[in-house]
Amino acid sequence: MPVPNSTYIVEIDGLHKTYFRTRALNGIDLKLERGRIFGLLGPNGSGKSTLLKTIAGLVRPTSGRVLVDGQKPSAATRALVAYLPETDHLYPWMTVRETLDFVSAFYADWEAPRAAALLAFMELDAARRVGELSRGQRARLKLVLALSRSAPLVLLDEPLSGIDPPSRARIIRAVVGEYRLGEQTIILSTHQVKEAEGVFDRVVFLREGRVALCETAENLRAAHGCSVQDLWERVYG
Amino acid sequence: MRLDFDPARPIYLQIVDEIRRAVARGELAPGDRIPSLRELAQHAGVNPNTVQRAFQEMERMQLTETLRGQGTFIRGDPDLVARLRAEMARDALGAFLREMFSLGYTAGDIRRLVDAALDEQTKRGDAGAE
């Protein structure tokens with residue numbers, strides 16, 4: 001019987017995932033403490049999205065074990081996880097307001113006042129149709145959806161990718177500003193390391209479906225005398 | 001408060017240094033309130049856990065004090081500014097001496113070079129200028 005409320009919100013042992021003949025995850029062992037912000041770093045194809053989907057309970061492991069809050073991913077753990085997918089999953093014909101109403105109906109932990117505050121911070125007009133929004137605006141809306149829940153585990157898959165620098169800065173400030181100190185765990189995958197440098201407690205570098213490095217960001221800076229961005233270039237360069 | 005981080009040093013230490021410098025320069029006075037943890041984190045785009053660590057460190061160094069429900073303040077200690085200036089001067093001198101010794105200068109060389117540099121500054125009339 002797994003013990004709930006352990007130090008770790010996510011525990012992964014020997015995780016493999018194979019899609020037909022492609023190995024996406026190739027033996028991942030990882031324990032993620034509660035109350036921290038993790039950076040999941042790695043180039044395209046390194047397994048970041050597959051790993052996040054597995055934690056979210058959307059992808060079944062080929063072999064190995066994944067525990068979220070001490071339980072196998074299921075409908076029960078999905079209630080604990082707020083997941084921002086990399087893909088654009090919003091309906092273009094809905095307005096921003098309708099999108100919020102639609103998504104909020106799925107979740108018991110939705111916080112309407114927080115959603116309203118985030119919408120204002122992200123400078124989104126509730127009356128606009130999603131189809132009329134720019135790419136950066138849609139990325140900001142997706143973040144509003146993920147951060148308006150009080151879920152203990154938040155998975156953000158490439159929230160900074162393919163959008164303009166001002167939107168990226170605003171997204172980072174929203175993540176940091178809404179973060180519940182000591183309660184929430186955030187896993188943010190990105191290849192935009194430079195912008196997110198100061199956000200991470202711990203960084204996990206993935207390469208070819210394996211963990212290449214897992215260390216606290218402050219230790220990396222102190223031990224190597226260089227930024228996480230520089231280390232990225234060393235690990236992948 | 002300017003927070004332009006040097007990516008090669010732990011961020012929590014840089015936050016501590018920035019506050020120390022502001023007090024030593026007189027930009028923050030004993031008894032002044034500093035921004036809250038959340039304000040600082042959001043303003044600088046930095047992890048709140050990192051800012052919290054900086055706050056703990058400043059408390060431990062007796063640089064700040066937290067009053068429940070009111071916020072975090074620079075300690076109302078009349079000797080604080082003098083103490084910080086002395087600490088920072090010692091740090092700056094230490095770094096300078098380490099660098100000079102590593103370049104192979106002796107104590108005598110360093111004294112002469114410092115005197116000569118100070119004389120030069122006085123001659124140009126900009127002693128103490130930034």
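This one's a predicted model, so the numbers in the text were calculated from it and none came from an experiment. Within every chain, numbering begins at 1; the chains are lettered A, B, ... in the order of the sequence lines, protein sequences first and strands thereafter.
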In residues 166-174 of chain A, which residues are in contact with chain B at a heavy-atom separation under 4.5 Å?
Ile172(A), Arg173(A)
Between Lys48(A) and Glu86(A), does at least one N-O distance fall below 4.0 Å, as a salt bridge requires?
no
Please answer whether the main-chain N or O of Glu208(A) pairs with a side-chain N or O of Ser46(A) as donor and acceptor at a distance below 3.5 Å.
no
Is any NZ, NE, NH1 or NH2 atom of the basic residue among Arg135(A) and Asp164(A) found under 4.0 Å from an Asp or Glu carboxylate oxygen of the other?
no
Under 3.5 Å, is there a donor-acceptor pair between the side chain of Lys142(A) and the main chain of Pro85(A)?
yes
For salt bridge (charged side-chain N to carboxylate O under 4.0 Å, His left out), just list the numbers for Asp115(B) and Arg112(B), CA-CA rounded to whole Å, side-chain angles, deciding distance to a tenth of an Å, and then say yes or no.
CA-CA 5 Å; Asp115(B) 277 340; Arg112(B) 267 195 307 282; over 6 Å; no
Taking every heavy-atom pair that is under 4.5 Å apart, which of Leu220(A), Val199(A), Val228(A) has the most such pairs with chain B?
Val199(A)
Counting only non-hydrogen atoms closer than 4.5 Å, does Gln52(B) touch chain A with its backbone (N, CA, C, O), its side chain (CB onward), both, or neither?
side chain
Proximal component of Arg38(B), with respect to chain A [non-hydrogen, under 4.5 Å]:
side chain
Taking Arg9(B) for the side chain and Gln14(B) for the main chain, is one N or O donor matched with an acceptor at less than 3.5 Å?
no
Side chain Tyr179(A), main chain Gln184(A), donor-acceptor under 3.5 Å
yes
Residues Arg221(A) and Glu218(A) bridged, charged N to O under 4.0 Å
yes
Where along residues 53-75 of chain B does a heavy atom come under 4.5 Å of chain A, listed by residue number?
Arg53(B)
For the backbone of Ala82(A) and the side chain of Asp109(A), can you confirm whether one donor and one acceptor N or O come within less than 3.5 Å of each other?
no
Could you give all pairs that pass the ring pair (Phe, Tyr, Trp, His ring centres under 6.0 Å) test and reach residues 192-214 of chain A, with sequence neighbours left out?
Phe205(A)-Tyr236(A)
With Thr106(B), which residues qualify under side-chain hydrogen bond (donor to acceptor under 3.5 Å, both in side chains), at least two apart?
Asp109(B)
Any idea which of Ile37(A), Asn219(A), Val175(A), Asp201(A) has the most non-hydrogen atom pairs under 4.5 angstrom with chain B?
Asp201(A)
